[in-house]
Novice: 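One structure is given below, represented as structure tokens, and several questions about it will come after.
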Amino acid sequence: MNIKKWAAAAAAVLAFAGSAHAQQFFRIGTGGTAGTYYPVGGMIANAVSQPGRIIATAQASNGSLANVNAVASGALEAGFSQSDVATWAYTGTGAFEGKPKVTDLRLIATLYPEDIHLVAKKGSGIKTVADLKGKRVALDEPGSGTLVDARLVLAAYGLKESDIKPEYIKPNQAGDKLKDGSLDAFFFVGGAPAGAIAELASSGAGIELVPLAGPQAQALLKSSPWFSTHRIDAGTYKDVPAVDTLAVSAQLVTSAKVPTETVYEITKALYSEPAQKALAAGHAKGKFITKENAVKGAGIPFHPGAEKFYKEAGLLK
């Protein structure tokens, strides 16, 4: 090998070593495989991965609380969280009352509205939250944002957990139990249509969505400003009419410890034209994931990398 060829080969090896060293893994915590976080998280991971530089992966998890705790500990670089859970973690309130504040928690983007689904077996006689008294009701697993919000909803309607027969299982397991008659209702917070509920409605099991409306819902809106009113349209789930409910926002959060340039590149990739097209085509909630929606409802500070992108886009001053 002559000196020129040797030098070129050595340069190639060094370049490869440099790029391999520069490659970063960006783990995104999502939720259960039957919810909305998991498929949307997978689409986001695909959209922001840049081979040789950033490899993003979506991981199933117990949901918002689990993701926030994993981001805080460094077990994940990012995670999906309900807006209420992220705010509580940062301020040490709500579900994080009495626990250390997660002061390093930072926002990458607000993604889409998440509806509170209260799913009841058709013919169960459950028409309002108050009708859950004495019934077998699944509230989702510990570590999920659904469990936190289900408790708030029950309290708003004058019910304690001891007034129902609670179960702490994921929505796909709850759907199976509803189908076989061993459960009367279950809560799930997620973007509609949620996979487990769509599957249940299509199976012919017969479900109803219980409205979260009226004075109790209005009182909850006043006491918990991260909630908003939302309507799940007719036909979102097979043979289920439109229903008024409450919603929170799904957010993508990270840690202040993640490098500014990494988060900047990920945010920029997320709102690139190819990523936006893939998200809009890939899931019903994908069309909400726009840079204009990204800066709404921020209850925690933006990560400097995300902030840099939004300032360049003219969305933040």
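Count residues from 1 along the sequence.
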Novice: Under the side-chain contact (heavy atoms from CB on, under 4.5 Å) criterion, do F26 and I266 qualify, and how do the steps go?
Specialist: CA-CA 9 Å; F26 194 81; I266 280 167; 3.4 Å; yes

Novice: Side-chain donor-acceptor pair under 3.5 Å between S83 and Q251, yes or no?
Specialist: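 Their side chains do not contain a donor-acceptor pair, so the 3.5 Å distance test is not met.
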
Novice: Go through the steps to decide whether R27 and E77 satisfy the test salt bridge (Lys or Arg N to Asp or Glu O under 4.0 Å), and finish with yes or no.
Specialist: CA-CA 5 Å; R27 299 160 296 179; E77 283 69 48; 2.7 Å; yes

Novice: Do I44 and L76 belong together in a cluster built from hydrophobic side chains that touch within less than 4.5 Å?
Specialist: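 In one cluster with I44: L76, yes.
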
Novice: Inspect the surroundings of NZ in K133 and state if more than 12 heavy atoms from other residues, nucleotides or ligands are less than 6.0 Å away.
Specialist: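 Counting other residues, nucleotides and ligands, NZ of K133 stays at 12 neighbours or fewer.
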
Novice: Does any N or O in the side chain of K121 come within less than 3.5 Å of the main-chain N or O of L178, such that one atom is a donor and the other an acceptor?
Specialist: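 Yes.
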
Novice: Here's one to test your reading of the geometry: is the NZ or CZ of K268 within 45 degrees of the ring axis of F309 and under 6.0 Å from its centre?
Specialist: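 Because its charged atom misses either the 6.0 Å distance or the 45° angle limit, K268 does not stack over F309.
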
Novice: Around atom CD of E199, are there more than 12 heavy atoms of other residues, nucleotides or ligands at under 6.0 Å?
Specialist: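 Atom CD in E199 is not packed in, count stays at 12 or less.
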
Novice: Would you find a donor on one side and an acceptor on the other, under 3.5 Å apart, between the side chain of Q276 and the backbone of L270?
Specialist: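 A pair under 3.5 Å: yes.
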
Novice: Rounded to the nearest 0.5 Å, what separates atom OG in S61 from atom CD1 in I28?
Specialist: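 With rounding to 0.5 Å, OG (S61) is 11.5 Å from CD1 (I28).
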
Novice: When clusters are formed by joining ILVMFWY residues with side-chain heavy atoms under 4.5 Å apart, either directly or through shared neighbours, do F186 and V148 land in the same one?
Specialist: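 Each belongs to a different hydrophobic cluster.
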
Novice: H283 side chain to M43 main-chain N or O, any donor-acceptor pair under 3.5 Å?
Specialist: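 Absent.
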
Novice: Quiz question: by atom type and distance under 3.5 Å, do the side chains of E114 and Y37 form a donor-acceptor pair?
Specialist: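 Looking only at side-chain atoms, Y37 and E114 do form a donor-acceptor pair, the distance falling under 3.5 Å.
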
Novice: What distance do K122 atom NZ and E208 atom CD have between them, rounded to the nearest 0.5 Å?
Specialist: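 So the gap between those two atoms works out to 6.5 Å.
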
Novice: Is there a donor-acceptor pair closer than 3.5 Å between any side-chain N or O of T245 and the backbone N or O of L212?
Specialist: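 No; zero donor-acceptor contacts below 3.5 Å.
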
Novice: What distance separates L209 CG from I126 CD1, expressed to the nearest 0.5 Å?
Specialist: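 Rounded to the nearest 0.5 Å, the CG-CD1 separation comes out at 12.0 Å.
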
Novice: How about Y38: does its OH atom have over 12 heavy atoms from other parts shown lying under 6.0 Å from it?
Specialist: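 Atom OH in Y38 is not packed in, count stays at 12 or less.
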
Novice: Within the 4.5 Å heavy-atom criterion, are H230 and L246 side-chain neighbours or not?
Specialist: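 Contact flag for H230/L246 side chains = no.
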
Novice: Shortest non-hydrogen contact from I207 to A201?
Specialist: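 That closest heavy-atom pairing would be CD1-CB, 3.8 Å.
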
Novice: So, does Q82 use its side chain to make a donor-acceptor pair with the main chain of A250 at under 3.5 Å?
Specialist: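 No, Q82 side chain to A250 backbone: no donor-acceptor pair under 3.5 Å.
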
Novice: What verdict does the side chain to side chain donor-acceptor pair (under 3.5 Å) test give for D104 and S255, after you've listed the backbone C-alpha separation in whole Å, the side-chain angles of each residue and the deciding distance to 0.1 Å?
Specialist: CA-CA 5 Å; D104 274 346; S255 168; 4.7 Å; no

Novice: Specify the closest pair of heavy atoms between V102 and A72, including all atoms of both residues, with the distance to one decimal.
Specialist: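 Nearest heavy atoms, V102 then A72: CG1-CB, 3.6 Å.
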
Novice: Less than 4.5 Å apart, any side-chain heavy atom of F227 and any of I116?
Specialist: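 Side-chain contact under 4.5 Å: yes.
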
Novice: Would you confirm whether S124, through its side chain, and A120, through its main-chain N or O, come within 3.5 Å as a donor-acceptor pair?
Specialist: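 Answer holds: no.
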
Novice: Below 4.5 Å, heavy atoms only, C-beta onward: do F188 and D140 meet side chain to side chain?
Specialist: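 They are in contact (side-chain heavy atoms under 4.5 Å apart), so the answer is yes.
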
Novice: Where is the tightest heavy-atom contact between I108 and A306, given as atom of each residue plus distance?
Specialist: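 So the minimum-distance heavy-atom pair works out to O-CB, 3.7 Å.
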
Novice: Using the rule that Ile, Leu, Val, Met, Phe, Trp and Tyr join whenever any side-chain heavy atoms are under 4.5 Å apart, tell me whether V129 and V243 fall into a single cluster.
Specialist: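 No, separate clusters.
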
Novice: Check whether L154 and V248 end up in the same hydrophobic cluster, where Ile, Leu, Val, Met, Phe, Trp and Tyr are linked by side-chain heavy atoms less than 4.5 Å apart.
Specialist: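 Yes.
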
Novice: If only atom types and distance count, is the side chain of N62 paired as donor or acceptor with the main-chain N or O of S144 below 3.5 Å?
Specialist: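 No, N62 side chain to S144 backbone: no donor-acceptor pair under 3.5 Å.
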
Novice: Just wondering, do I54 and E265 contact through their side chains at under 4.5 Å, heavy atoms?
Specialist: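 The answer is yes, as the side chains (C-beta and beyond) meet within the 4.5 Å cut-off.
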
Novice: CG of L105 to OG of S81: how many Å apart, nearest 0.5 Å?
Specialist: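 Taking CG in L105 and OG in S81, the distance rounds to 7.0 Å.
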
Novice: Strictly distance-based, threshold 3.5 Å: is any side-chain N or O of S73 a donor or acceptor partner for the main-chain N or O of A70?
Specialist: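 Side chain of S73 to backbone of A70: a pair is present.
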
Novice: Could you tell me if the side chain of T110 sits less than 4.5 Å from the side chain of V295, heavy atoms only?
Specialist: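 V295 vs T110: side chains apart.
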
Novice: Would you call R136 and E167 a salt bridge, taking side-chain N to carboxylate O under 4.0 Å as the test?
Specialist: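 No.
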
Novice: Verify whether one side chain among H117 and Y237 offers a donor that lies under 3.5 Å from an acceptor in the other.
Specialist: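 Present: a donor and an acceptor within the cut-off.
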
Novice: Is there a donor-acceptor pair under 3.5 Å between the side chain of D163 and the backbone N or O of K160?
Specialist: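 Flag set: sc D163 to bb K160 pair under 3.5 Å.
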
Novice: Calculate, to the nearest 0.5 Å, the distance between atoms OG1 and CG belonging to T229 and L221 respectively.
Specialist: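 Here the rounded value is 6.5 Å.
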
Novice: side-chain contact (heavy atoms from CB on, under 4.5 Å) between L279 and K287: does it pass, once the steps are laid out?
Specialist: CA-CA 7 Å; L279 288 165; K287 65 180 182 291; over 6 Å; no

Novice: Start with the C-alpha gap between V153 and L118, add the side-chain angles, then the distance that decides, and say whether side-chain contact (heavy atoms from CB on, under 4.5 Å) holds.
Specialist: CA-CA 10 Å; V153 169; L118 175 49; 5.8 Å; no

Novice: What closest approach, in Å, do L107 and I300 show between heavy atoms, and which atom pair accounts for it?
Specialist: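 Taking every non-hydrogen atom into account, N-CD1, 3.6 Å.
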
Novice: Any idea which heavy atoms bring A192 and T236 closest together, and the distance?
Specialist: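 That would be CB-CG2, 3.9 Å.
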
Novice: Decide yes or no on side-chain contact (heavy atoms from CB on, under 4.5 Å) for Q23 and I55, but give the supporting numbers first.
Specialist: CA-CA 7 Å; Q23 183 166 287; I55 303 299; 3.7 Å; yes

Novice: Are V68 and Y90 packed together at the side-chain level, in the sense that at least one heavy-atom pair is separated by less than 4.5 angstrom?
Specialist: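 The answer is no; the side chains never approach within 4.5 Å.
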
Novice: Please round to the nearest 0.5 Å and tell me the distance separating atom CD of E307 and atom CZ of F302.
Specialist: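 E307 CD to F302 CZ: 8.0 Å, rounded to 0.5 Å.
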
Novice: Taking all atoms of both residues into account, what is the closest heavy-atom pair of A156 and Q216, and its distance?
Specialist: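 Closest approach of A156 to Q216: O-CG, 3.5 Å.
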
Novice: Does either side chain, that of Y264 or that of E312, offer a donor lying less than 3.5 Å from an acceptor on the other one?
Specialist: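 There is such a pair (donor and acceptor under 3.5 Å, judged by atom type) between the side chains of Y264 and E312.
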
Novice: Going only through I, L, V, M, F, W and Y residues with side-chain contacts under 4.5 Å, is there a path from V119 to L152?
Specialist: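 No, because V119 and L152 fall into different hydrophobic clusters, even though each may have its own neighbours under 4.5 Å.
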
Novice: Would you kindly say whether Q24 and T262 are connected by a side-chain donor-acceptor distance under 3.5 Å?
Specialist: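 T262 and Q24 do have a side-chain donor-acceptor pair below 3.5 Å.
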
Novice: Are any non-hydrogen side-chain atoms of K285 and L111 less than 4.5 angstrom apart?
Specialist: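 No, their side chains stay 4.5 Å or more apart.
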
Novice: Would a 4.5 Å heavy-atom cut-off, applied to side chains only, mark W88 and E97 as touching?
Specialist: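 Not touching, per the 4.5 Å side-chain cut-off.
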
Novice: Taking K238 for its side chain and G235 for its backbone only, find out whether a donor-acceptor pair lies under 3.5 Å.
Specialist: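 No.
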
